[in-house]
Amino acid sequence: MMKTHGRISLVTGPKEKIAMTNFVSTLCLVLLCSANFLGSTTRAAAQDSGLDGTYVLDQTDSDNINEVIETAVGKLNFLTRDIARARLKKLNPAYRQLAITSSPNEISVTVDNQRPLRTPAKGAPVAWVGPDGGKVNASMQLAGRRLAQTFTSADGRRVNDYTLSPDGRTLTMQVTETSPKLSQTITYKQVYRRVS
């Protein structure tokens, strides 16, 4: 049966009704699957990096931070050397354990028994108190199997660049620290093994 409403013709026979019902059902199924797929990819994006977990320091494969600091302060004059050494040791402790968690909106890194550093996942900076008690701006951003953690203050800048090994068992933190008060850039690595 065909009904005409102005310029639109509606076909309302039994075959047409079945075809229309099948079309609507298929369309709803496609839309539902698309919504589920998009939701799962957003959730998976935070976990694709594989960085989430707990890691412990492997001292054997890590650089000796004290030696790196001694090399850096060795080029300073004797009046500022002791002050710089003490400050750098406070700013560069060897963390024994670290834990990383991430979601689409937030990244959290906890070292030893300190309170977690939480920042927006998109890299927006937050106010943070550093290990020496100084105020810094901190930001973090995930890119694949890498996490860049940046700290900036009036005294300088530190970047912790975390990279996960292809097998997911080893996390390497490459530290780069710059300051107008230092005659050279400080760089060293710390290697961590996954425990969970």
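Quick caveat: nothing in here was measured; it's all calculated off a predicted structure. Numbers here are sequence positions counted from 1.
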Any side-chain donor-acceptor pair under 3.5 Å between [X] and [Y]?
X: Ser179; Y: Asp155; value: no
X: Tyr188; Y: Asn64; value: no
X: Gln190; Y: Asp63; value: no

Does [Y] offer a backbone N or O that forms a donor-acceptor pair with the side chain of [X] under 3.5 Å?
X: Arg194; Y: Gly168; result: yes
X: Asn77; Y: Thr80; result: yes
X: Asp112; Y: Gln114; result: no
X: Ser62; Y: Val191; result: yes
X: Arg158; Y: Leu91; result: yes
X: Arg96; Y: Val56; result: no

Report task. Quick one: which residue pairs count as a side chain to side chain donor-acceptor pair (under 3.5 Å) with a foot in residues 117-130, not counting sequence neighbours? Result ->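 Of all non-adjacent pairs touching residues 117-130, none passes side chain to side chain donor-acceptor pair (under 3.5 Å).
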Query raised in the report: Linking I/L/V/M/F/W/Y whenever their side-chain heavy atoms sit closer than 4.5 Å, directly or via other members, would Leu117 and Val159 fall into one cluster?
Result: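 They do not share one cluster, since no chain of ILVMFWY contacts under 4.5 Å joins Leu117 to Val159.
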Query - Verdict with supporting geometry, Asp61 and Thr172, side chain to side chain contact (heavy atoms under 4.5 Å, CB included) - result: CA-CA 10 Å; Asp61 285 346; Thr172 302; over 6 Å; no
Inter-residue atom distance [X].[atom1] - [Y].[atom2], 0.5 Å rounding:
X: Met140; Y: Leu147; atom1: CE; atom2: CG; result: 6.5 Å
X: Leu88; Y: Ile186; atom1: CG; atom2: CD1; result: 4.5 Å
X: Leu76; Y: Gln184; atom1: CG; atom2: CD; result: 8.5 Å
X: Asn66; Y: Asn92; atom1: CG; atom2: CG; result: 9.5 Å
X: Thr152; Y: Asn137; atom1: OG1; atom2: CG; result: 4.5 Å
X: Tyr162; Y: Tyr192; atom1: OH; atom2: OH; result: 6.5 Å

Can you find a pair of side-chain heavy atoms, one from [X] and one from [Y], that are under 4.5 Å apart?
X: Leu142; Y: Ser102; value: yes
X: Val126; Y: Pro120; value: yes
X: Arg85; Y: Glu70; value: yes
X: Lys89; Y: Ile69; value: yes

Query raised in the report: Under the salt bridge (Lys or Arg N to Asp or Glu O under 4.0 Å) test, which residues partner Lys90, sequence neighbours left out?
Result: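 Partners of Lys90 under the salt bridge (Lys or Arg N to Asp or Glu O under 4.0 Å) test: none.
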Shortest non-hydrogen contact from [X] toward [Y]:
X: Ser139; Y: Gly123; value: CB-O, 3.3 Å
X: Ala121; Y: Ser103; value: CB-O, 4.0 Å
X: Arg115; Y: Val129; value: NH2-N, 4.3 Å
X: Thr187; Y: Val68; value: O-CG1, 3.7 Å
X: Val136; Y: Gly130; value: CG2-N, 4.5 Å
X: Leu51; Y: Arg146; value: CD1-C, 3.8 Å

Query - Pair Gln149-Val109, side chain to side chain contact (heavy atoms under 4.5 Å, CB included): steps then yes or no - result: CA-CA 9 Å; Gln149 193 178 47; Val109 175; 3.7 Å; yes
Report task. Would you check, one step at a time, whether the test side chain to side chain donor-acceptor pair (under 3.5 Å) holds for Gln174 with Asp161? Result -> CA-CA 5 Å; Gln174 183 67 46; Asp161 191 4; over 6 Å; no
**Report entry** Neighbour count >12 (heavy atoms, 6.0 Å) for atom CG, Asn113
**Finding:**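 Open: at most 12 neighbouring heavy atoms sit under 6.0 Å from CG of Asn113.
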Query raised in the report: In terms of heavy-atom contacts, does CZ of Arg193 have more than 12 from other residues, nucleotides or ligands at under 6.0 Å?
Result: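 For Arg193, atom CZ is crowded (more than 12 foreign heavy atoms under 6.0 Å).
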